[in-house]
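A short write-up of the structure that comes next.
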Amino acid sequence: VIALLANTIISNGIGVLASVGKFIVCLYLAVIIMLVVHMTLAMLNGVSPITYIKNASEPLIIAFTSRSSLGTLPVTIETLEKKFDVNEGVASFVASLGTNMGMNGCAGIYPALTAIMLAQITNTPIDLSFCIMLLVIIAISSFGIAGLPGTATIAISVVISGMGMEAYFPLLGAVIAVDPIIDMGRTMLNVSGTIASSIIVDRSLKRDEEKNVRVLSQDEQTIFFDCCKGTFYDNLFVTAVSTGMRIGEVAALRWKDLDWDNMVIHVTSTLVYQKYEGDSQKQYHFEKPKTRTSLRDIPINRQCEIALKKQFVQKSVVASKQPITKKIDDKYADLLFTSKFNTPLNSQVVCQAINKIIEEVNLTKDYLDEIEPFSAHCFRHTFATRCFEAGIAPKTVQAYLGHASLQKTMDLYTSVMPKQMETEMDKVSRELDRISEYSDELAEKQFENMTANNQIVSFRGDSMVV
């Protein structure tokens with residue numbers, strides 16, 4: 001650092017330090033502007049600026065002090081999942097991608113400011129063609145920039161070479177000498193861009209999901225479960241549609257999670273089938289539910305009670321038939337719902353079982369009357385819709401489902417309940433009619449009370465009636 005500064009000062013004079021100071025100020029102003037842009041984008045996707053700063057503060061501070069987007073990645077993913085309610089897959093994919101490409105700080109504003117500074121020093125015209133070329137080169141060079149300290153220097157060398165100013169690279173000695181000061185702000189901006197991008201992608205996917213919520217009609221539900229009776233996964237399907245639990249939560253159920261004294265299910269974990277760091281292949285992992293409100297108690301209704309007790313017997317039979325040579329891992333031994341081979345369940349196995357029932361149903365249906373395929377998550381949507389149809393309060397339904405907010409529950413299910421909304425309006429209409437009729441009854445009662453007590457009733461005019 002001292003050598004670079006000394007060489008630059010000798011070559012260009014002590015005044016170059018003032019120019020470097022201005023460059024640092026300009027860069028941090030650009031960082032602040034981009035942070036405001038990120039907060040605005042997050043606000044357009046349902047996250048207020050205050051919430052954004054509050055929830056993102058931990059990874060942003062770590063990025064600022066460590067100067068490593070890659071080193072901050074685990075905290076970034078955890079923050080997205082737990083504080084911003086971003087889907088696990090979206091958080092892992094977008095955040096990982098964001099540490100290697102499209103970084104706002106290292107591959108965006110830093111190369112742009114550096115190229116403009118060089119152009120000013122060398123009296124290169126900064127016209128429209130210069131700006132367009134700079135944008136194109138920065139966009140191309142932003143692919144494949146590793147989220148590690150020092151890689152921004154490679155980014156500016158690529159941009160400057162692309163702009164035909166590689167001969168002036170030594171003029172950047174003073175800027176490169178103070179790179180750690182600059183890199184802190186750049187890295188923080190990189191991580192903020194990753195968080196904002198993840199929120200946008202997640203909310204966009206959820207909006208599409210909300211538009212396409214698949215709910216079984218009452219007829220479809222009756223037909224499906226009539227055909228499903230007696231099959232291996234019948235108890236699983238009944239439990240899912242009777243509780244609104246996610247399939248991962250159902251798959252993680254153990255007998256000890258069932259509180260028969262209070263007739264509730266304690267939802268304490270979810271079963272995930274993923275390949276994590278250190279795994280040689282996909283494996284089953286017990287995890288906490290994705291939000292704090294997902295840790296909940298769900299009442300056991302009569303249909304669910306029967307299904308759970310039948311499943312207990314079925315699991316005992318399946319476990320007793322398991323070959324000794326294929327002993328199941330002890331941590332999965334007490335799972336209530338398993339496959340035919342006493343192994344843990346995942347969504348793929350459940351969806352295959354659902355499709356078999358649908359195929360069986362559609363064998364006797366006309367093309368126009370066939371049941372359309374649906375995923376295991378459809379049982380959760382169907383449960384919520386049946387709750388609303390039964391007149392259960394939205395706040396109670398939210399508690400059953402474990403949603404983080406009542407707004408999420410309402411956004412998901414009001415669009416799939418036109419009949420229920422009409423029914424509720426009919427109730428309002430009947431109530432208004434009742435009040436209107438009561439006003440006539442009230443006038444009649446008042447007249448009867450007054451005449452019974454021989455009170456004088458005055459009418460308009462001069463006449464008096466006793």
Side-chain angles (χ1 to χ4, degrees), residues 216 221-274 281-287 289 297-361 363 371 373-380 382-383:
L216 294 178
Q221 185 173 345
T222 301
I223 293 170
F224 179 88
F225 281 95
D226 279 347
C227 184
C228 175
K229 283 180 181 177
T231 61
F232 187 84
Y233 294 105
D234 179 39
N235 300 325
L236 171 71
F237 298 153
V238 172
T239 301
V241 83
S242 301
T243 61
M245 294 171 66
R246 302 174 181 92
I247 287 302
E249 294 170 342
V250 178
L253 274 183
R254 298 178 172 92
W255 190 252
K256 66 180 181 181
D257 296 323
L258 309 179
D259 184 348
W260 293 108
D261 293 332
N262 297 303
M263 291 299 287
V264 294
I265 298 173
H266 300 303
V267 181
T268 58
S269 61
T270 184
L271 191 63
V272 178
Y273 186 56
Q274 290 288 346
Q281 59 184 7
K282 277 190 173 183
Q283 294 184 14
Y284 290 96
H285 301 271
F286 286 103
E287 295 184 355
D297 291 342
I298 302 176
I300 300 175
N301 57 34
R302 179 59 179 165
Q303 292 78 10
C304 182
E305 177 187 357
I306 295 172
L308 291 171
K309 290 178 177 178
K310 287 167 64 177
Q311 181 61 29
F312 178 80
V313 176
Q314 178 175 300
K315 166 60 190 278
S316 301
V317 173
V318 171
S320 66
K321 289 184 176 180
Q322 183 180 10
I324 299 177
T325 55
K326 294 184 179 180
K327 182 173 172 43
I328 193 73
D329 193 312
D330 289 340
K331 62 183 176 181
Y332 307 127
D334 59 344
L335 287 176
L336 184 58
F337 292 97
T338 64
S339 70
K340 297 176 181 179
F341 308 102
N342 200 32
T343 54
L345 291 173
N346 58 58
S347 58
Q348 183 179 355
V349 173
V350 177
C351 285
Q352 288 174 349
I354 292 173
N355 289 334
K356 287 183 179 179
I357 302 298
I358 294 175
E359 289 173 3
E360 188 69 24
V361 169
L363 285 176
I371 295 180
F374 59 86
S375 68
H377 208 65
C378 177
F379 292 131
R380 180 171 166 85
T382 301
F383 166 79

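Counting heavy-atom neighbours within 6.0 Å of Phe341 CZ, excluding the residue itself, gives a total of 12 or less.
Residues Val317 and Lys321 meet the side-chain proximity criterion, which asks for heavy atoms closer than 4.5 Å. A 4.5 Å side-chain heavy-atom check between Met245 and Arg380 finds every atom pair outside the cut-off. Put simply, the side chain of Leu308 reaches to within 4.5 Å of the side chain of Ile265, judged on heavy atoms. At least one side-chain heavy atom of Ile298 sits less than 4.5 Å from a side-chain heavy atom of Val267.
Aromatic pair Phe224/Phe374: centroids less than 6.0 angstrom apart.
Relative ring orientation between Phe379 and Phe225 is described as tilted, the plane-to-plane angle lying within the 30° to 60° band.
Here Lys356 does not pair with Glu359 in a salt bridge; the nearest charged N to carboxylate O distance is not below 4.0 Å. Salt bridge Lys229/Asp234: absent, no basic N to carboxylate O contact under 4.0 Å.
Of the possible donor and acceptor atoms, one in the side chain of Asp259 sits under 3.5 Å from a partner among the backbone N and O of Asn262. A distance-only check finds a donor-acceptor pair linking the side chain of Thr243 to the backbone of Thr239 [under 3.5 Å].
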Which side-chain N or O atoms in residues 346-355 pair as donor and acceptor under 3.5 Å with protein atoms at least two apart or in another chain?
{"from": "Asn346", "atom 1": "OD1", "to": "Gln348", "atom 2": "N", "distance (Å)": "3.0"}
{"from": "Asn346", "atom 1": "OD1", "to": "Val349", "atom 2": "N", "distance (Å)": "3.1"}
{"from": "Asn346", "atom 1": "ND2", "to": "Tyr284", "atom 2": "OH", "distance (Å)": "2.9"}
{"from": "Asn355", "atom 1": "ND2", "to": "Cys351", "atom 2": "O", "distance (Å)": "3.2"}

Step-by-step side chain to side chain donor-acceptor pair (under 3.5 Å) determination, Asp297 to His266: CA-CA 5 Å; Asp297 291 342; His266 300 303; 2.6 Å; yes
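Both tests do not hold together for Arg246 against Phe383: distance to the six-membered ring centre under 6.0 Å, angle to the ring axis within 45°. The cationic atom of Lys315 (NZ for Lys, CZ for Arg) does not lie both less than 6.0 Å from the six-membered ring centre of Trp255 and within 45° of the ring axis.
Here the NE2 atom belonging to His377 is positioned 9.5 Å from the CD1 atom belonging to Ile247, to the nearest 0.5 angstrom. To the nearest 0.5 Å, atom CD of residue Glu249 and atom OG of residue Ser269 are 8.5 Å apart.
Between Leu271 and Leu335, the closest heavy-atom pair is CD2-CD1, 4.3 Å. Among all heavy-atom pairs drawn from Pro373 and Ile358, the shortest one is CA-CD1, 3.8 Å. Nearest heavy-atom pair across Asn235 and Gln314 is ND2-OE1, 3.6 Å. Scanning all heavy atoms of the two residues, the minimum distance from Asn301 to Ser242 falls at ND2-O, 3.3 Å. Thr338 and Phe232 get closest at one heavy-atom pair: O-CE2, 3.4 Å. Summarising the geometry of Val361 relative to Ile223, their closest heavy-atom pair is CG1-CG2, 3.5 Å, with the distance given to 0.1 Å.
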